[in-house]
Amino acid sequence: MSLSPAEWEAIRLSLLIGLAAVAWILPLGIGVAWLLARHEFRGKAVLDGLIHLPLVLPPVVVGYLLLVALGRQGVIGAWLYSTFGLSLPFTWQGAAVASGVMAFPLLVRALRLSLEAVDPKLEAAASTLGAGRWRVFTTITLPLAVPGLLTGTVLAFARALSEFGATITFASNIPGETRTLPLALYTLIQSPGQESAAARLCLIAVVIALISLVASEWLARRTRQRLQERDG
C-alpha cells in the first residue's frame, strides 16, 4: 500500500496532535480525577457534568465555544495574544487543544474509577507513618491506580486521533498544519476520483484505533499482574 506525501503528512500530524493533546490534559486529568474520587464538596455534580459535557455536546459546538473563548477576540485568547503573542485558532497547537478537550472526559473517567478502587486505609496507614499527602499520592495512590491511568491515557490518545468536529471548527482544515487523518479522509471523500485514497486512510484509521484499544487492554492487564505479584 503506497501512500502519498499528503497522506503521510496527515498521519504525522495526527500522531503529533494526539501526543500533544494527551501531554497537556494528563496532569490536569490526574488532578481532577483525584479531586472527584477523594473529596466531597458543594458543586461537585456540576463540575462532573462540565467535565463530561464534551461527550454529549456536538463536537462543532465545542469547537465554536473554543473559538469564542480562545480566539483573538475571546476573553482568554485576547490575553494570550497580547501577553505572549500566542494565537491558537487555525494552528496545530489549536488542534491539540480541541482534541484534548474532547478526550479529557475519557481520561478523567477511567482514572477516577481506578482511584476510587484504591483502599483509603492504605493511604491512612501511610499517613500515620509520617508520609505527607504528596508522598502518599505518588507512592501509594497513583501506583495502585496505574491500570486506570494507562487505560485512560491510551483511550484519550485514540480519541484525540479521531477528533473531527471540534478540530475543523476551531483549527480549520489546513494542509500541512491542521489536516489530520480524519480531516484528510473528509477532504478525499469530497473529491471525485479519490475513492481508493479515502479507502486507504479509512483502513489506516481503523488499524490505529484497533492497536490503541488492544494496547490499552494489554497494558492494564500487565500492570495488574505486576501489582499482584508485588503484593503477593
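Position 1 is the first residue of the sequence; numbering continues from there.
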Do you know the tightest heavy-atom contact between [X] and [Y]?
X	Y	result
E177	W92	OE2-N, 2.9 Å
A197	E7	CB-OE2, 3.3 Å
S127	V136	OG-CG2, 3.8 Å
A160	G18	CB-CA, 3.9 Å
A96	A21	O-CB, 3.4 Å
A184	A10	CB-CB, 3.7 Å

Which distance, rounded to the nearest 0.5 Å, do you find between the [atom1] of [X] and the [atom2] of [Y]?
X	Y	atom1	atom2	answer
I30	L115	CD1	CG	9.0 Å
L19	L161	CG	CG	8.0 Å
T178	I17	OG1	CD1	7.0 Å
L13	R179	CG	CZ	10.5 Å
L142	I140	CG	CD1	11.0 Å
L111	T153	CG	OG1	7.5 Å

Should [X] and [Y] be regarded as members of a common hydrophobic cluster, given that ILVMFWY residues are connected when their side-chain heavy atoms come within less than 4.5 Å of each other, either directly or indirectly?
X	Y	answer
V206	L213	no
L16	F157	no
V61	V75	no
W134	V118	no
L155	L15	no

| said: Y64 vs V60, test: side-chain contact (heavy atoms from CB on, under 4.5 Å). Steps then yes/no. | reply: CA-CA 6 Å; Y64 174 75; V60 174; 5.5 Å; no
Can you list the residues that meet the side-chain hydrogen bond (donor to acceptor under 3.5 Å, both in side chains) rule with [X], with sequence neighbours excluded?
X	answer
S87	R72
W24	none
T187	N173
S196	none

Any non-hydrogen side-chain atom of [X] less than 4.5 Å from a side-chain atom of [Y]?
X	Y	value
S99	T167	yes
V32	F104	yes
P182	S14	yes
L88	F170	yes
L65	V101	no
V154	V22	no
I174	F90	yes
I204	I11	yes

| query | Tell me the salt bridge (Lys or Arg N to Asp or Glu O under 4.0 Å) pairs involving residues 48-61, sequence neighbours left out? | reply |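 Qualifying pairs: D48-R112.
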| Any pair counted as salt bridge (Lys or Arg N to Asp or Glu O under 4.0 Å), so long as it reaches residues 144-166, sequence neighbours left out | R159-E163
| How would you list, by chain and number, every residue that makes a ring pair (Phe, Tyr, Trp, His ring centres under 6.0 Å) with W218, sequence neighbours excluded? | none
| Contacts of type ring pair (Phe, Tyr, Trp, His ring centres under 6.0 Å), residue F41, not counting sequence neighbours |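 So F41 forms no ring pair (Phe, Tyr, Trp, His ring centres under 6.0 Å) with any residue.
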| query | Are there more than 12 heavy atoms of other residues, nucleotides or ligands under 6.0 Å from atom CD of Q73? | reply |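 12 or below, so no.
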If we ignore hydrogens and angles and just use 3.5 Å, is the side chain of [X] paired with the main-chain N or O of [Y] as donor and acceptor?
X	Y	value
E116	L113	no
T169	A166	no
K44	L35	no
T83	L80	no

| note | The salt bridge (Lys or Arg N to Asp or Glu O under 4.0 Å) partners of R12 (sequence neighbours excluded) come to E9
| request: Could I get the full list of salt bridge (Lys or Arg N to Asp or Glu O under 4.0 Å) partners for R38, not counting sequence neighbours? | output: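 R38: salt bridge (Lys or Arg N to Asp or Glu O under 4.0 Å) contacts with E123.
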| query | In the hydrophobic cluster built from side-chain contacts under 4.5 Å, what are the other members alongside I168? | reply |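 ILVMFWY cluster around I168 also holds F164, L183, Y186.
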| task | Could you check I51 against L36 for side-chain contact (heavy atoms from CB on, under 4.5 Å), going step by step and ending with a plain yes or no? | result | CA-CA 11 Å; I51 290 169; L36 293 175; 3.8 Å; yes
| request: Check the pair L70 / Y81 against side-chain contact (heavy atoms from CB on, under 4.5 Å), numbers first and verdict last. | output: CA-CA 9 Å; L70 298 176; Y81 186 70; over 6 Å; no
| remark: Those residues at least two apart in sequence (or on a different chain) that pass side chain to side chain contact (heavy atoms under 4.5 Å, CB included) with A198 are L185, L188, I189
